[in-house]
Amino acid sequence: QVQLTESGGGLVQAGGSLRLSCAASGRTFSNCRAGWFRQAPGKERELVAGTDWSGRITTYADSVKGRFTISTHNAQTTVYLQMNSLKPEDTAVYYCAVDSPPYGSKWDIGYDYWGQGTQVTVSS
């Protein structure tokens, strides 16, 4: 049974940094891709960043480019989201997701497994 467990959320002032972690277990992930999504109150869930498990292919939402970095650690089967220069509009529940093959060309749909979410709150 696949499990994804996020950690690292919290309260931070604008301009600060947080690193989210997603511990994955229950299958082989080397052929999967991973994504970090977020959902703010009253808004739709959106893809923040995605990566293949090797880390060679990544994608980012325009709103976080240059500030957030997604990465994976194969040996530990962990996906990270380093968030720098945080803004109040980054406040949301952040979810880790994994998409197993075959997967399509779009990065924001089709994920098979989801974590429970971790709250990130950025104060102004």
Side-chain angles (χ1 to χ4, degrees):
Q1 181 178 359
V2 173
Q3 287 190 321
L4 304 178
T5 305
E6 300 104 333
S7 61
L11 174 64
V12 64
Q13 287 188 332
S17 298
L18 284 173
R19 188 175 81 156
L20 304 183
S21 299
C22 173
S25 63
R27 63 160 288 157
T28 299
F29 294 98
S30 58
N31 61 347
C32 295
R33 63 182 186 179
W36 282 98
F37 290 75
R38 68 186 180 188
Q39 187 166 22
K43 295 188 177 181
E44 292 187 355
R45 185 175 63 194
E46 63 173 347
L47 176 70
V48 174
T51 183
D52 70 329
W53 211 265
S54 72
R56 289 192 295 266
I57 302 172
T58 58
T59 188
Y60 294 92
D62 288 343
S63 59
V64 307
K65 281 180 182 176
R67 300 188 297 122
F68 291 10
T69 303
I70 188 171
S71 61
T72 61
H73 191 304
N74 269 314
Q76 296 179 358
T77 60
T78 304
V79 185
Y80 301 100
L81 184 68
Q82 178 66 44
M83 305 186 295
N84 298 328
S85 302
L86 282 161
K87 304 176 181 180
E89 51 262 45
D90 294 319
T91 296
V93 178
Y94 283 70
Y95 298 90
C96 172
V98 168
D99 190 8
S100 58
Y103 33 74
S105 59
K106 291 189 174 184
W107 280 89
D108 59 347
I109 59 173
Y111 287 76
D112 302 295
Y113 311 106
W114 292 84
Q116 81 287 352
T118 186
Q119 177 70 46
V120 171
T121 303
V122 184
S123 63
S124 57

Out of curiosity, [X] [atom1] to [Y] [atom2], how far, rounded to the nearest 0.5 Å?
X: Y103; Y: D112; atom1: OH; atom2: CG; value: 11.0 Å
X: Q82; Y: L18; atom1: CD; atom2: CG; value: 8.5 Å
X: E6; Y: T78; atom1: CD; atom2: OG1; value: 12.0 Å
X: L47; Y: T59; atom1: CG; atom2: OG1; value: 6.5 Å
X: T118; Y: W36; atom1: OG1; atom2: CH2; value: 7.5 Å
X: D99; Y: D52; atom1: CG; atom2: CG; value: 12.0 Å

Do [X] and [Y] sit in one hydrophobic cluster, given that two such residues count as connected whenever their side-chain heavy atoms are within less than 4.5 Å of each other, even indirectly?
X: F37; Y: I70; result: no
X: L81; Y: L4; result: yes
X: V79; Y: F29; result: yes
X: V93; Y: V122; result: no

Would you say that [X] contacts [Y] through its side chain, given a criterion of any heavy-atom pair below 4.5 Å between the two side chains?
X: L20; Y: M83; answer: yes
X: V98; Y: Y111; answer: no
X: Q39; Y: E46; answer: no

For [X] versus [Y], what's the shortest heavy-atom pair and its separation?
X: S30; Y: T28; answer: OG-CG2, 3.4 Å
X: T69; Y: Y60; answer: CA-OH, 3.4 Å
X: A92; Y: Q119; answer: O-NE2, 3.4 Å
X: P88; Y: A14; answer: CD-CB, 4.1 Å

Legend entry - Salt bridge K87-D90, side-chain N to carboxylate O under 4.0 Å: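 No, K87 and D90 are not salt-bridged.
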Legend entry - Main-chain N/O of S85 paired with R67 side-chain donor or acceptor, under 3.5 Å: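 Between the backbone of S85 and the side chain of R67 there is a qualifying donor-acceptor contact (under 3.5 Å).
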Inset, instruction - Start with the C-alpha distance between S63 and E89, add both sets of side-chain angles, then the distance that settles side chain to side chain contact (heavy atoms under 4.5 Å, CB included), and finish with yes or no. - result: CA-CA 10 Å; S63 59; E89 51 262 45; over 6 Å; no
Inset, instruction - May I ask you to decide if the ring planes of W114 and Y95 are parallel, tilted or perpendicular, using 30° and 60° as cut-offs? - result: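 Perpendicular, since the angle between the ring planes exceeds 60°.
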Inset, instruction - Take the angle between the ring planes of H73 and Y80 and call it parallel below 30°, perpendicular above 60°, tilted in between. - result: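 Answer is perpendicular, since the angle exceeds 60°.
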Inset, instruction - Find out whether the Lys NZ or Arg CZ of R33 is both under 6.0 angstrom from the six-membered ring centre of W53 and within 45° of the ring's axis. - result: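 The answer is no, since R33 fails at least one limit relative to W53.
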Legend entry - Derivation of the side chain to side chain contact (heavy atoms under 4.5 Å, CB included) call for T72 and T51: CA-CA 8 Å; T72 61; T51 183; 3.8 Å; yes
